Amino acid sequence: LDSNFAIAYARIGVHYGNRGQFELATEYVQKAYDLRDRVSERERLYISEKYHGYITGENPKVIEVLQAWTRLYPNDYVPHNNLAFQYLLVGRFEEAMKEAQAAVRLSPNNSSALENLIGSFIGLGRFDEAEQIANQKKATHPDSGGVHNNNIIFAFLRRDWAAINAEVEWSRGKPSEPD
């Protein structure tokens, strides 16, 4: 309806990116970036983060934008959550954990924030804490693919082949089977 609705282009770009359709993702994110002078400061930060993530591939720039966003909007879980994910990508697990904890504090049942916290604890070798958060996630998202992926990870760490096989069997024929 509005060909200048920049944030809509950014969200569509992320949608395509999450589905592995990177050509479409970059097309929409670029369009959003081209329209960034028409948006609020918060939206500009979101669009800039996506631009540097999808278009330039500059992870340090993505982190810089997200750090600024968390300083300007400390009660917004999105930049904390996305910053946790970026830190996970580069192996900065302690920083990822702190940002994931902030995201979970601000949005306690957010699946992505919980996943980032689980990944942070795993990266730090704190498997019991990771499994505790995974069980918390299981209570609020009992049949999500992420819960079953976590079940496999913890079963593998325990060398529980029966539990791994049960999870593989659960996934058969489901969209998340390849995961």
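Only heavy atoms go into these numbers, but all of them, side chains included; no hydrogens, no water, no symmetry mates. When a residue number appears, it is its place in the shown sequence, counting from 1. Small disclaimer: the values here were computed from a predicted structure and weren't measured.
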- Task: Give a yes-or-no answer on whether the side chains of H141 and N109 include a donor-acceptor pair shorter than 3.5 Å.
- Result: no
- Starting at CE of M97, measure out to CG of N116 and round the result to the nearest 0.5 Å. 13.0 Å
- Query: To the nearest 0.5 Å, what is the distance between CD (Q132) and CG (N135)?
  - Reply: 8.0 Å
- Message: For a quick test of reading the model, state the closest non-hydrogen atom pair linking G13 to A25 and the distance between them.
- Response: O-CB, 3.2 Å
- Message: Could you walk me through whether V62 and Y51 satisfy the side-chain contact (heavy atoms from CB on, under 4.5 Å) test, starting with their C-alpha distance in whole Å, then the side-chain angles of each, then the deciding distance to 0.1 Å, before giving a yes or no?
- Response: CA-CA 8 Å; V62 173; Y51 175 79; over 6 Å; no
- Is it true that a side-chain atom of H80 and a backbone atom of P74 form a donor plus acceptor pair closer than 3.5 Å? yes
- Message: Can you confirm whether the side chains of N149 and E167 place a donor and an acceptor under 3.5 Å from each other?
- Response: no
- Same apolar cluster (I L V M F W Y, side chains within < 4.5 Å links), L157/F121: yes
- Item | S111: side-chain hydrogen bond (donor to acceptor under 3.5 Å, both in side chains) partners, not counting sequence neighbours | K137
- D128 atom CG, neighbour heavy-atom count above 12 within 6.0 Å: no
- Do R44 side-chain atoms and V39 backbone N/O form a donor-acceptor pair below 3.5 Å? yes
- Between P142 and V147, the two heavy atoms sitting closest are O-CG1, 3.9 Å
- Task: Decide yes or no on side-chain hydrogen bond (donor to acceptor under 3.5 Å, both in side chains) for E49 and N82, but give the supporting numbers first.
- Result: CA-CA 9 Å; E49 172 209 350; N82 294 0; 3.2 Å; yes
- Is there a chain of hydrophobic side chains (I, L, V, M, F, W, Y, each step under 4.5 Å between heavy atoms) that links L114 to Y87? no
- Report yes if some heavy atom in the side chain of I118 is under 4.5 Å from a heavy atom in the side chain of F154; otherwise report no. yes
- Nearest 0.5 Å, what's the CG-CG distance between L106 and D76? 8.0 Å
- Query: Any chance CZ of F85 has more than 12 other-residue heavy atoms, nucleotides or ligands included, within less than 6.0 Å?
  - Reply: no
- Item | Worked verdict on N59 versus H52 for side-chain hydrogen bond (donor to acceptor under 3.5 Å, both in side chains) | CA-CA 7 Å; N59 183 268; H52 292 293; over 6 Å; no
- Which pair of heavy atoms, one from S48 and one from Y33, lies closest together, and at what distance? OG-CE1, 4.3 Å
- Sub-4.5 Å side-chain heavy-atom contact between S40 and E43: yes
- Query: Hey, what do you get for CZ (R126) to CD1 (I133), rounding to the nearest 0.5 Å?
  - Reply: 10.0 Å
- Message: I need the minimum non-hydrogen distance between R42 and W69, along with the two atoms involved.
- Response: CG-NE1, 3.8 Å
- For the hydrophobic clusters of this structure (ILVMFWY residues joined by side-chain heavy atoms under 4.5 Å, transitively), does one cluster hold both V78 and I7? yes
- Message: Do N81 and E99 pair up side chain to side chain, a donor and an acceptor below 3.5 Å, judged on atom types alone?
- Response: no
- Item | Contacts of E64 that satisfy salt bridge (charged side-chain N to carboxylate O under 4.0 Å, His left out) - sequence neighbours left out | K61
- Query: Tell me, do Y46 and L66 make a side-chain contact under 4.5 Å, heavy atoms counted?
  - Reply: no
- Note on the structure: Rounded to the nearest 0.5 angstrom, the OG1-CG distance for T70 and N75 is 11.0 Å
- In short, A32 meets A10 closest at the heavy-atom pair CB-N, 3.5 Å
- Query: Which is it for V29 and F22 under the side-chain contact (heavy atoms from CB on, under 4.5 Å) test, yes or no, and what are the steps along the way?
  - Reply: CA-CA 10 Å; V29 169; F22 298 111; over 6 Å; no
- Message: Any non-hydrogen side-chain atom of F5 less than 4.5 Å from a side-chain atom of L35?
- Response: no
- Query: Any link between L124 and I122 through a network of hydrophobic side chains (Ile, Leu, Val, Met, Phe, Trp, Tyr) touching at under 4.5 Å?
  - Reply: yes
- Note on the structure: Of all heavy-atom pairs linking A155 and A163, the shortest is CB-CB, 3.7 Å
- Determine whether E23 and E27 make a side-chain contact, defined as any pair of heavy atoms from C-beta on separated by less than 4.5 Å. no
- With a cut-off of under 6.0 Å to the ring centre and 45° to the axis, is R159 in cation-pi contact with F156? yes
- Query: Got a donor-acceptor contact below 3.5 angstrom from the S107 side chain to the A103 backbone?
  - Reply: no
- Item | Check against side-chain contact (heavy atoms from CB on, under 4.5 Å), N150 and E115 | CA-CA 9 Å; N150 289 332; E115 281 299 323; 2.8 Å; yes
- Message: Are L88 and S120 packed together at the side-chain level, in the sense that at least one heavy-atom pair is separated by less than 4.5 angstrom?
- Response: yes
- In Å, rounded to the nearest 0.5 Å, how long is the span from NE2 of H148 to OG of S171? 9.0 Å
- Task: Look at R172 together with E169 and state whether they make a salt bridge at an N to O cut-off of under 4.0 Å.
- Result: yes
- Apply side-chain contact (heavy atoms from CB on, under 4.5 Å) to the pair R19 and H15, showing each step before the final yes or no. CA-CA 7 Å; R19 280 148 187 76; H15 169 81; 3.1 Å; yes
- Query: Is the closest side-chain heavy-atom distance between R92 and I63 below 4.5 Å?
  - Reply: yes
- Would you please indicate if the ring centroids of Y16 and Y28 are separated by under 6.0 Å? yes
- Task: For residues Y9 and S3, determine if any side-chain heavy atom of one lies less than 4.5 Å from a side-chain heavy atom of the other.
- Result: yes
- Message: Between the side chains of R158 and E131, is the shortest nitrogen-to-carboxylate-oxygen separation below 4.0 Å, so that they form an ion pair?
- Response: yes
- Without hydrogens or angle criteria, can the side chains of Q30 and D34 be said to hold a donor-acceptor pair below 3.5 Å? yes
- Answer yes if Y77 and L45 sit in the same cluster of Ile, Leu, Val, Met, Phe, Trp and Tyr residues linked by side chain heavy atoms under 4.5 Å apart, and no otherwise. yes
